[in-house]
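Worksheet: the structure to be examined is printed underneath.
Scope of the values below: all heavy atoms of this structure, side chains included, with no hydrogens, waters or symmetry mates. We're numbering straight along the sequence, starting at 1.
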Amino acid sequence: QLQLVESGGGLVQPGGSLRLSCGASGFTLDPYVVGWFRQAPGKEREGVSCINFSDGKTYIGDSVKGRFTISRDNAKNTVYLQMNNLKPEDTGVYYCAADLSWVATMNVMRGVGRAGMDYWGKGTLVTVSS
């Protein structure tokens, strides 16, 4: 079965850090583009960051630039999202998704059009609160 599985979410105080992981089973993430998205209660889904697993090209959303870093581990077939200096507004369910197209992924990141991603995980909850 082809699936993405997120892990690493939890409760953290403002200013703290978490590292999310997105692992794939049933397929290799190379040559996919893997993106992180989040959705806060009552809000639209937001594109956070993405990485081209083949060449490492990355995109970081403005709202997390300077605080979040995306990376990949080819041997572990995993993408990571390192989140530092977390703020209450970072609270939400974080999803990873994969698609073969960089352009299509960027469109989903920016909320352009209705195209989807090839695979989605079920999400992991991040709560930033004191």
Side-chain angles (χ1 to χ4, degrees):
Q1 187 177 3
L2 308 180
Q3 60 180 351
L4 295 172
V5 180
E6 305 94 338
S7 61
L11 173 64
V12 63
Q13 292 186 340
S17 298
L18 283 175
R19 188 178 78 159
L20 304 184
S21 299
C22 172
S25 63
F27 68 107
T28 58
L29 290 175
D30 187 353
Y32 286 85
V33 180
V34 179
W36 284 99
F37 301 81
R38 66 186 181 186
Q39 189 162 20
K43 293 191 175 181
E44 295 282 319
R45 185 183 67 198
E46 177 188 8
V48 176
S49 182
C50 64
I51 186 167
N52 184 320
F53 207 88
S54 295
D55 63 13
K57 180 169 70 173
T58 63
Y59 161 82
I60 300 286
D62 289 340
S63 63
V64 302
K65 198 168 290 183
R67 301 187 297 122
F68 290 13
T69 304
I70 192 168
S71 62
R72 90 266 198 219
D73 185 322
N74 295 64
K76 295 184 178 180
N77 202 31
T78 299
V79 169
Y80 301 100
L81 185 68
Q82 178 67 43
M83 306 186 297
N84 298 328
N85 190 23
L86 282 160
K87 304 176 181 181
E89 52 264 42
D90 295 317
T91 294
V93 179
Y94 283 69
Y95 301 89
C96 69
D99 193 271
L100 286 171
S101 167
W102 177 265
V103 171
T105 300
M106 287 304 299
N107 283 338
V108 179
M109 280 279 143
R110 294 167 176 164
V112 175
R114 299 297 298 171
M117 304 284 284
D118 291 335
Y119 301 103
W120 285 90
K122 293 183 178 180
T124 184
L125 177 63
V126 172
T127 303
V128 185
S129 175
S130 54

Exercise. Do any N or O atoms from the side chain of Ser21 and from the backbone of Tyr80 form a donor-acceptor pair under 3.5 angstrom?
Worked result: no

Minimum heavy-atom distance between [X] and [Y], given as atom pair plus value:
X      : Y      : value
Asp73  : Phe53  : O-CZ, 3.7 Å
Met106 : Cys50  : SD-SG, 3.8 Å
Tyr95  : Gly121 : CD2-O, 3.6 Å
Ser54  : Pro31  : OG-CA, 3.3 Å
Ile70  : Val34  : CD1-O, 4.0 Å

Exercise. Applying the 4.5 Å side-chain criterion to the ILVMFWY set and letting contacts propagate, would Tyr32 and Trp102 be lumped into a single cluster?
Worked result: no

Exercise. Taking a hydrophobic cluster as the set of Ile, Leu, Val, Met, Phe, Trp and Tyr residues connected by side-chain heavy atoms closer than 4.5 Å, whether directly or through intermediates, do Val12 and Val48 fall within one such cluster?
Worked result: yes

Exercise. Counting only heavy atoms not in Lys65, do more than 12 fall under 6.0 Å of its NZ?
Worked result: yes

Problem set entry | Geometric class of the Tyr94/Phe68 ring pair [parallel <30°, tilted 30-60°, perpendicular >60°] | tilted

Exercise. Once the angle between the rings of Trp120 and Phe37 is folded into 0 to 90°, is it parallel (under 30°), tilted (30 to 60°) or perpendicular (over 60°)?
Worked result: tilted

How long is the span from the [atom1] atom in [X] to the [atom2] atom in [Y], to the nearest 0.5 Å?
X      : Y      : atom1 : atom2 : value
Leu18  : Leu81  : CG    : CG    : 9.5 Å
Thr105 : Ile51  : OG1   : CD1   : 12.0 Å
Met117 : Asn107 : CE    : CG    : 10.5 Å
Thr28  : Asn74  : OG1   : CG    : 10.0 Å
Ser49  : Met109 : OG    : CE    : 6.5 Å

Is there a side-chain contact between [X] and [Y] in this structure, where contact means two heavy atoms from C-beta onward sitting under 4.5 Å apart?
X      : Y      : answer
Ser129 : Leu11  : yes
Val33  : Ser101 : no
Leu29  : Leu4   : yes
Val79  : Cys96  : no
Leu20  : Glu6   : no
Val64  : Met83  : no

Exercise. Taking it one step at a time, do Asp30 and Arg72 satisfy side-chain contact (heavy atoms from CB on, under 4.5 Å)?
Worked result: CA-CA 10 Å; Asp30 187 353; Arg72 90 266 198 219; over 6 Å; no

Exercise. Does any pair with a residue in residues 82-107 pass salt bridge (charged side-chain N to carboxylate O under 4.0 Å, His left out), and if so which ones, sequence neighbours excluded?
Worked result: Arg38-Asp90, Arg67-Asp90

Exercise. With a cutoff of under 4.5 Å between side-chain heavy atoms, which Ile, Leu, Val, Met, Phe, Trp and Tyr residues group with Val103?
Worked result: none

